[in-house]
Amino acid sequence: MSSRDNPPGEARRGRSRGRAQSGASDQGGRVDSKYVFWGLLLVFGFAILMPNGSVAGTHALIFSVLGLLLLAFPPQFRISPWLIALAVGLVITSALPLLPRGLAGTQEWRLTLEGLGLDTGNQITPHPQQTLFYLSGFAALILFAVSLAGHRISLHGQYFIALGITVMIGGYALLAMLAQDFGWSILWDTEPSFGLFPNRNHSATLMAMGGICGLGVVFHSLRSRRWVGAVLSGASLGILVWALLGYSSSRAGALLLGLGFAAWLLGLGRRYLSARAIISIGVLGGLALLLFFASDVEVKKRLNETIASEEEGVQRISGDDTPLDFRVLIYQDTGKMISAEPWTGVGLGVFRFVFPQYREASATNALCVHPESDYLMVAAEHGWLSLALLGALVIGCFFLAFRRNWGKRSWPLRLSCLLAACVVPIHGLFDVPGHRISLALGSVLLLAINLRPSRGQRMGSSSAILFRLGGAAMLMAGATLTLTEWRRGGHT
């Protein structure tokens with residue numbers, strides 16, 4: 001490590017300053033923002049253990065808790081007007097499919113179906129109730145995510161949040177490995193793939209996120225001599241790397257992990273890495289690669305098959321085994337679908353019902369539930385306007401976070417959190433991890449702890465009341481839906 005590292009005394013003083021800053025928001029009747037992040041961390045832990053839960057059950061419970069957090073802990077600091085404007089515009093444009101269908105022009109596929117005697121409704125979306133249901137959840141998630149931009153957490157709190165994320169995901173990976181080795185049957189895990197997610201690529205995305213985050217946590221723990229944190233994060237990092245390389249068959253997870261590690265090292269620079277540290281990391285990385293290529297693991301086989309272009313045929317569409325060349329055909333047909341209704345989309349939650357009307361190049365008997373890309377999914381269901389606003393929102397938040405943290409104290413930890421948050425939007429180019437609420441919450445949490453709003457600009461009481469009202473609406477809607485689903489299951 002570099003000779004510029006802080007000595008133990010300075011690290012202790014830094015922790016004391018962090019605690020003082022964390023508690024500063026208690027003054028003047030304000031609640032501490034750290035409770036919001038800790039609450040979201042617990043929700044994230046629940047979500048990754050129950051990723052295959054029903055939207056009307058598990059997801060409703062998650063939104064109930066998020067609503068309670070927003071009701072109890074509204075934003076403490078002023079949120080940028082451009083952030084609010086983009087968020088409001090995104091929700092409004094996503095609601096356009098609920099307008100009368102005549103505003104979207106002629107939808108030839110609907111005329112064809114109606115000619116066969118099928119009623120497709122009078123709105124742009126053929127399933128308005130389903131679209132309204134998913135739109136409500138989407139708006140609630142956007143509201144909560146925006147509210148996090150009005151909270152600030154100290155470096156001390158950020159470290160423990162990042163440590164908690166690393167350990168939680170490491171525990172997830174350990175559970176998945178033990179379940180596979182000992183043949184454990186987990187009640188809510190209905191898919192045979194590695195991990196608890198129904199899609200192995202999403203499990204790999206989660207583990208890559210934890211591994212990249214863990215790298216910065218280990219580094220920070222060693223620099224500040226937090227030995228318990230170093231042991232926990234180091235063990236979790238080792239578990240995650242071995243799970244991705246030795247158990248998971250997902251190519252995406254291994255590639256994302258490698259790219260994340262490389263980007264982290266490049267982002268540190270000579271300020272934090274001495275020549276000895278670079279040599280040590282290079283030796284360890286070389287040994288890891290040697291062990292990987294010397295081992296007979298499934299992910300290596302799949303990488304070799306991809307390089308050799310030996311994959312032929314298709315067994316499942318929009319699943320684990322969709323070949324790369326077949327994804328191109330899905331992209332082509334999705335492009336035609338988007339061009340038919342570019343401004344409004346077909347409505348949230350109805351891609352799987354409308355896409356068959358546009359399938360030509362990718363036509364098979366298998367059901368295609370998504371277009372193999374988060375961004376194409378948004379364009380197809382929400383429209384191009386929503387995609388542009390979402391892109392501006394995500395890129396703007398990441399740019400702001402990187403700018404506010406660049407070169408600041410504990411940059412290695414902050415950089416690893418930001419790179420881990422980037423995993424979902426990057427993988428979203430070729431899959432739909434962003435439509436998995438557990439992965440979306442993890443990415444939002446890692447980004448939010450780095451936004452760092454200005455302490456001098458407090459949120460007004462009237463604005464805080466509006467956020468509280470939004471939280472109350474989320475809580476009531478989520479609780480009602482959870483109770484309804486519970487009763488429907490026979491628990492009267």
Side-chain angles (χ1 to χ4, degrees), residues 41-54 58-59 62 162-215 217-218 231-258 260-261 288 291-292 295-303 316 318-322 420 423-424 427 431-443 445-446:
L41 177 64
L42 294 177
V43 172
F44 170 71
F46 171 78
I48 64 175
L49 290 177
M50 302 287 290
N52 207 18
S54 67
T58 306
H59 289 194
I62 290 173
L163 175 61
I165 291 175
T166 303
V167 172
M168 281 183 175
I169 302 178
Y172 168 93
L174 179 61
L175 176 61
M177 290 191 293
L178 292 175
Q180 179 165 305
D181 287 341
F182 295 98
W184 293 351
S185 178
I186 300 177
L187 182 62
W188 57 89
D189 183 18
T190 58
E191 297 292 332
S193 59
F194 176 72
L196 303 183
F197 285 83
N199 187 322
R200 67 183 171 201
N201 289 325
H202 295 170
S203 286
T205 302
L206 175 69
M207 291 186 288
M209 181 190 299
I212 297 170
C213 178
L215 195 63
V217 176
V218 171
V231 171
L232 290 175
S233 57
S236 298
L237 178 59
I239 291 171
L240 289 167
V241 171
W242 180 239
L244 281 169
L245 300 183
Y247 282 79
S248 175
S249 58
S250 171
R251 297 160 296 191
L255 292 174
L256 287 170
L257 185 69
F261 280 13
L291 179 62
F292 172 69
S295 303
D296 186 22
V297 292
E298 184 65 23
V299 65
K300 189 181 72 172
K301 295 178 183 178
R302 297 198 72 223
L303 286 171
R316 295 180 59 192
S318 295
D320 296 340
D321 301 318
T322 309
V423 167
V424 170
H427 192 200
D431 204 346
V432 288
H435 283 75
R436 186 74 61 181
I437 188 171
S438 50
L439 296 176
L441 287 177
S443 186
L445 176 57
L446 286 165

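Bear in mind that the values here come from a model prediction, so they are computed numbers and not experimental data. The analysis underlying the following values was restricted to heavy atoms, covering all of them including side chains, and did not include hydrogens, waters or symmetry mates.
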**Over all atoms of both residues, closest heavy-atom pair of Ala173 and Ile239** = CB-CG2, 4.0 Å

**Prompt:** Could you give the distance from CG (Leu445) to CZ (Phe44), rounded to the nearest 0.5 Å?
**Reply:** 7.5 Å

**Complete:** CZ of Arg251 to CG of Leu244, rounded to nearest 0.5 Å, is 14.5 Å

**Request:** Taking Tyr247 for its side chain and Asp181 for its backbone only, find out whether a donor-acceptor pair lies under 3.5 Å.
**Result:** no

**Item:** Inter-residue atom distance Leu240.CG - Ile212.CD1, 0.5 Å rounding
**Value:** 10.5 Å

**Request:** To the nearest 0.5 Å, tell me how far Leu49 CG sits from Ser438 OG.
**Result:** 10.0 Å

**Request:** Check Met209 against Gly442 and note the closest heavy-atom contact, atom names and distance.
**Result:** SD-C, 4.1 Å

**Prompt:** Taking all non-hydrogen atoms of both residues, which atom of Gly195 and which atom of Ser203 are closest, and how far apart?
**Reply:** CA-OG, 3.6 Å

**Approximate separation, where rounding is to 0.5 Å, of Leu163 CG and Leu41 CG** = 9.5 Å

**Request:** Hey, could you give me each pair passing side chain to side chain donor-acceptor pair (under 3.5 Å) that has a residue in residues 206-215? Not counting sequence neighbours.
**Result:** none

**Item:** Pro198 and Arg436, any side-chain heavy atoms less than 4.5 Å apart
**Value:** yes

**Prompt:** Any side-chain heavy atom of Phe261 within less than 4.5 Å of one from Leu256?
**Reply:** no

**Message:** With heavy-atom distances below 4.5 Å as the criterion, would you say the side chains of Thr166 and Leu232 are in contact?
**Reply:** no

**Asked** Within a strict 4.5 Å, meaning less than it, do heavy atoms of the His427 and Val432 side chains meet?
**Response** no

**Prompt:** Do the non-hydrogen side-chain atoms of Phe194 and Ser250 ever get within less than 4.5 Å of each other?
**Reply:** no

**Message:** Do Val167 and Val217 have side chains that approach each other closer than 4.5 Å (heavy atoms only, starting at C-beta)?
**Reply:** no

**Asked** Please walk me through it: do Leu237 and Leu215 pass side chain to side chain contact (heavy atoms under 4.5 Å, CB included)?
**Response** CA-CA 7 Å; Leu237 178 59; Leu215 195 63; 4.0 Å; yes

**Fill in**
Heavy-atom nearest pair, Phe197 first then Ile48, reads CE1-O, 4.4 Å

**Asked** Do the non-hydrogen side-chain atoms of Met207 and Val241 ever get within less than 4.5 Å of each other?
**Response** no

**Message:** Whether the Ser249 and Arg200 side chains hold a donor-acceptor pair (N or O, under 3.5 Å, no angle test) is what I'd like checked.
**Reply:** yes

**Item:** Partner set under side-chain contact (heavy atoms from CB on, under 4.5 Å) for Ile437, not counting sequence neighbours
**Value:** His59, Ile62, Phe63, Leu441

**Request:** Kindly compute the distance separating OG1 (Thr205) from CG (Asn199), expressed to the nearest 0.5 Å.
**Result:** 8.0 Å

**Prompt:** Do the side chain of Ser443 and the main chain of Leu439 share a donor and acceptor less than 3.5 angstrom apart?
**Reply:** no

**Item:** Non-hydrogen side-chain atoms of Leu446 and Cys213 separated by less than 4.5 Å
**Value:** yes

